[in-house]
Amino acid sequence: MSKQAFKVLGKPVPPPDSYEKVTGTAPYTFDMELPGMLYAKLVTSTEPHARIKSIDYSKALQVPGVRIVATGRDFPVRIGIYVGDRDMLAIEKALWVGHPVAAVVAESIKAAEKAIDLVEVEYDPLPPVFDVEEALKPDAPLLHPDIANYKISPAFKPVPGTNIANQFRMIKGEGEAGFDKADLVIEKTFKMPFLHHAYMETWNTIAHYKVTGDIEIWTSSQSPYAPRYLMAMSLGVPVGKIKMRIPYVGGGFGGKAGVLIEPLVAMLSKKAGYKPVKLVMSRAEQMRSMPVIAGYKAYAKIGFSKDGKIVAYKVRFLFDTGAFADYTVNVARTAGYACTGVYDMPNVYCESLAIYTNKVPTTAIRGFGYPENHWVLERLMDMAARELRMDPVKIRSINLLRPGDPTSTTGYGSPLRADAGDIQGVLKTSAELIEWDKEPEQPKEPWKIRAKGIAMSLKGPSQPPNAVDAAIVKFNEDASVDILVATGNYGQGTVNALRMIVAEAFDLPLDKVHITWMNSTEWMPYTWQTVGSRSTFTVGQALLRAVEDAKRQIFDIASAVLKVPADQLELADGKVYVKGEPWMSIPLTEIVNGYTFPNGQVLGGPIIGRGIHSPGILSYLDPDTGQALPINPETGHSEPGHATVFYTFGSTAVEVELDLLTGDIKVLKATQVYDIGRVINPLTAKGQAIGGLIMGMSRALYEELIFDDSGGVANPNFSFYYVARAKDIPDDIRIKFLETPQADGPFGARGFSENVMIAVIPAIANAIERATGVSITELPMTHERVWRAIKEQRPDLIEKALKAFQEWKNASQG
Amino acid sequence: MSAPYFTLPEFKYVKPGSLEEALEILDEHGEEAKIMNGGIGVVAFLKERLMEAEYIVDIKGIPELKKIEYIPGKGLYVGATTTVNELIEFLEKSPEVREKYRALYEASTHLADAILRNRATIVGDILEGLPYMDAPGPALIFEAEMHAVSKSGERWVPVDGIVMGPMMTQLQPNEIVTEIIFKEPPEGARSGYVKFASRTEYGIVNVAALVAHPNDPGKRVVKIAYTGATALPYRAREAEELFKKPEPFGKLVEEAVKVIQDNVEVLEDPYASADFRKYLMGILTTQLLVKLARGEW
């Protein structure tokens, strides 16, 4: 279908929720109050690792308005999505400074905050471990000695008796032996820090455990079904008794996937006498006590032939998961199985460990292992280009995966689909947009240098192979359509894109397709989760099938009324037409609740369409080889198993200015190029590309959680955990989307909203490498870190810059 | 800013309508009463439980504490409750005054953010006493003094030395600062402010400097002050003295930087090492002084 053929797709449509958000009228969980509501507050550990000897809360109970105090003894169950290692309140041991050890429930937040200071916890300190390599030593203190008894998803493999929460290996070709053939071998160690998601709304939950056993929850989760199921499993309550409701959510970035604090608040509600209880996080609590983003150390080695082809690659990621690895095990696993990025490599050995330490726990994050593995690989590509005196665009181009080529691999042995996207085109377009062949104009201060850098990226959703989705479309009396999907709406624009897909498929104007702000397991059909840039692709397909299902019902009625076969009917402009005879039609309004004949008889009833998406081609990856398990022919699929339902290719190129005297890096220009199959909504697509650029820049240059000597987060606020602000955004951002349709994508579309931040981070460091020959391998690239790297690796550059600076200064004499 | 609380501890809030009334309350309650101006510091300190108060005395209802007046030859008077945005607006409407107090203007536009500047005050910023505030540097180079009033009298207190640490000042608990004067800069002076922030919203080195007649040793005046790099606002008086020597400006800048780096005791924290701060003080001071001298700032 050509672009011109669309009535809705490809047009800039503001998401309807924007209006409520910018006028401050959008209700979030934080804003909601229920009659008789009580307020909870957490007491947190002051010790990094300790046995809890006693908790005396008698004084807290004397504060007027305090109803109950709960401790880990009240609810000694563990929760989690992949490795069920999280407790709701510390069970016997405190595992980090900030670990919730007790909860106070009171009639007001004020009383609760007064009471938490009166809870006396006696600790028996244990030796803590803060560093991943220390944690791997045989005599390291163990955080989870009982891990063998935790609930573990089949894709994961903890190593009991160690601090390893998951171990994943991917081997291809001759593995490490492949380095024998290399003309050039580069070995480097890379680091990424712990980060905070920096969503504007913190984790907030209201739970009402009712006397009937029904549990009503309002929560700031990304989507409702996963937290509901995980909560039911850990608490042992029937899943259908839990009504998980999600109002507007202030951002997620992966940090609100899986299960949040819903089980704790529900149990507090029960213990407090079946009263609704609200628990909201301050920013400091969120950053010290709730899951953040894992940091890592990675040992990497890459081998090239002298003509620039990759011959072997080895990387070992040591992810620091903090005290709970829960969701992070899959971030680490994904970094492992997608370690080869966009490149074809004959010999690969990737290992990724998720390792416990006595620090704040971690969880999912936008990009999910890909910003992590690209920071290593895309940096190595530029180091190799420099050593081999090759152009960074060229060395990438000759190593890129070839879609459709059965010898190509995305790392795990499955062929890359032929319609995966124009990977060479993405690289070429990015280079063109930044004017790669044109030298940047140099600033007049000789101690400043401008240079261009480029990086590539790929990203697919990291979902379990059995993650399925459903969608429903139902008609209102005026033949407008309600979309029922459990897809979360926390700023990505996905639900609005789904609305556009339905309007296009039904040939209805946009204002005839309605979405709602409140998401709930009570009225939205199942969706696994809203994560991984997957929903436009998967739920979009489910919706198209729902539209087809509704159309069949509509045509059945119209066929009987117009007395023509259903296959000769078509739906357009809110009417059913006979093909080729447009004068023969019935308005949809006369069909959606059944057709009423002149005598009052009715034919048919309300039109409700349903559709699903079921990713039959996915299977688990063997944790020891990274290879997908063989496919069952019963599913109708025969090719080898895949790890993801799609991959999207991208590239970011930047022009940066480096001040050699201060280590200051300014991003002057940036490109964002992605082959997304089909641009559904150019407005929000552009928004994602800009947002991802800023988030990537922010992670490249500023963001880092800093730990004090006891492993507690020392900067749990946005004054000292700096996130890019308006003044940091480059003036010149060049965005282009390629549209190579993917056959099963809705109108050809694939997801891309995480990919947009991945290549940004290495592209900036690559520009610095090109400008100076200085290799930066640790994030963020702070002034001091950059200054020190230049001083160590190219002291001559600093001397030259200082000399130029002296000359400039002395020019004022006389 | 790491405490978990949403609520403030309990206190009695009073908002006197006159200076007399406010001084009366302070006299009566002594240490138990704390003055709140814009509230940026006080509310945060209360929320963090770093400050306790029986009474919070909001001075924003006292009419004479809000003023901006420039008296040629004497200086710029800024009322205690005048907000930073009000000062910025005044300076933007009076370009001549703005150029006289360029460093103050630049520091004001770097102070917190546009929304907080609707409440933040210059006097409050100085008296908060945290290392990385923006207003103290310009206050030092303009020889600013604060007018402190109590029931028993009034006095002008130099800003240099007024702060002894976070929430600690030379002021008495019964004194209220009514205004601050930024003294008339030397004839022909140019001034500027550099805030060098590195992954926090505060500067790791902030430099305020003033230069008059750089190439005329007889008339030459140079003033330099720092925040962010040091625990307390630091006026580099020894370095300033050097500029009285009859040597070329550029050479003196080099000597001054060395004197500063040799004498100053700088902070070290996770955001910047002491070495890097000292090194940056040299680079940023040189850039600012030379540009001011050349009229390129």
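Sequence lines set the chain letters: A, B, ... in the order given, protein chains first and strands last, and positions in each chain run from 1.
- Residue-environment remark: CG (B/Asp262) exceeds the threshold of 12 foreign heavy atoms within 6.0 Å.
- Taking 4.0 Å as the cut-off between side-chain N and carboxylate O, B/Glu10 and A/Lys114 count as a salt-bridged pair.
- In B/Glu54, the CD atom is crowded: over 12 heavy atoms of neighbouring residues, nucleotides or ligands sit closer than 6.0 Å.
- Shown here is B/Glu238, whose CD atom has no more than 12 heavy atoms of other residues, nucleotides or ligands within 6.0 Å.
- Scanning both residues, B/Ser2 and A/Arg288, for their nearest heavy atoms gives O-CD, 3.8 Å.
- The aromatic rings of A/Phe720 and B/Tyr132 stand perpendicular to each other, their planes meeting at an angle above 60°, with 30° marking the opposite boundary.
- B/Pro4 approaches A/Glu113 most closely through the heavy-atom pair O-OE2, 4.0 Å.
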Exercise for review: Check step by step if side chain to side chain contact (heavy atoms under 4.5 Å, CB included) holds for B/Tyr279 and A/Lys791.
Suggested key: CA-CA 13 Å; B/Tyr279 164 79; A/Lys791 234 171 92 159; over 6 Å; no
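- When side chains are defined from C-beta on, A/Gln806 counts as touching B/Glu254, because their heavy atoms get closer than 4.5 Å.
- Chain A forms more heavy-atom pairs under 4.5 Å with one residue of B/Thr286, B/Asp275, B/Leu280 than with any other, namely B/Thr286.
- The closest side-chain donor-acceptor pair between A/Glu784 and B/Ser198, if any, does not fall under 3.5 angstrom.
- You'll find the side chain of A/Glu704 stays beyond 4.5 Å of the side chain of B/Tyr271, heavy atoms only.
- Of the two parts of A/Ile706, only the side chain, counted from C-beta on, holds a non-hydrogen atom closer than 4.5 Å to a non-hydrogen atom of chain B.
- Residues B/Glu201 and A/Phe718 share a closest heavy-atom pair of OE1-O, 4.4 Å.
- Contacts between A/Val280 and chain B at a heavy-atom distance below 4.5 Å involve backbone atoms as well as side-chain atoms.
- Heavy-atom neighbours of B/Lys244 NZ from other residues, nucleotides or ligands within 6.0 Å: at or below the threshold of 12.
- With a 4.5 Å cut-off on side-chain heavy atoms, A/Phe805 and B/Gln287 count as touching.
- Atom OG1 of B/Thr7 sits about 7.5 Å away from atom NZ of A/Lys41, to the nearest 0.5 Å.
- With contacts defined as side-chain heavy-atom distances shorter than 4.5 Å, the pair B/Val257/A/Lys809 does not qualify.
- For A/His783 and B/Phe196, the distance between ring centers is under 6.0 angstrom.
- The distance from atom CG of A/Leu661 to atom CD1 of B/Ile283, rounded to the nearest 0.5 Å, is 4.5 Å.
- In this structure, the portion of A/Asp117 lying under 4.5 Å from any heavy atom of chain B is its side chain and not its backbone.
- More than 12 heavy atoms of other residues, nucleotides or ligands lie within 6.0 Å of CD in B/Glu268, so this atom counts as buried by the packing criterion.
- Looking at heavy atoms from C-beta onward, A/Ser282 lies out of side-chain contact with B/Tyr5 at the 4.5 angstrom threshold.
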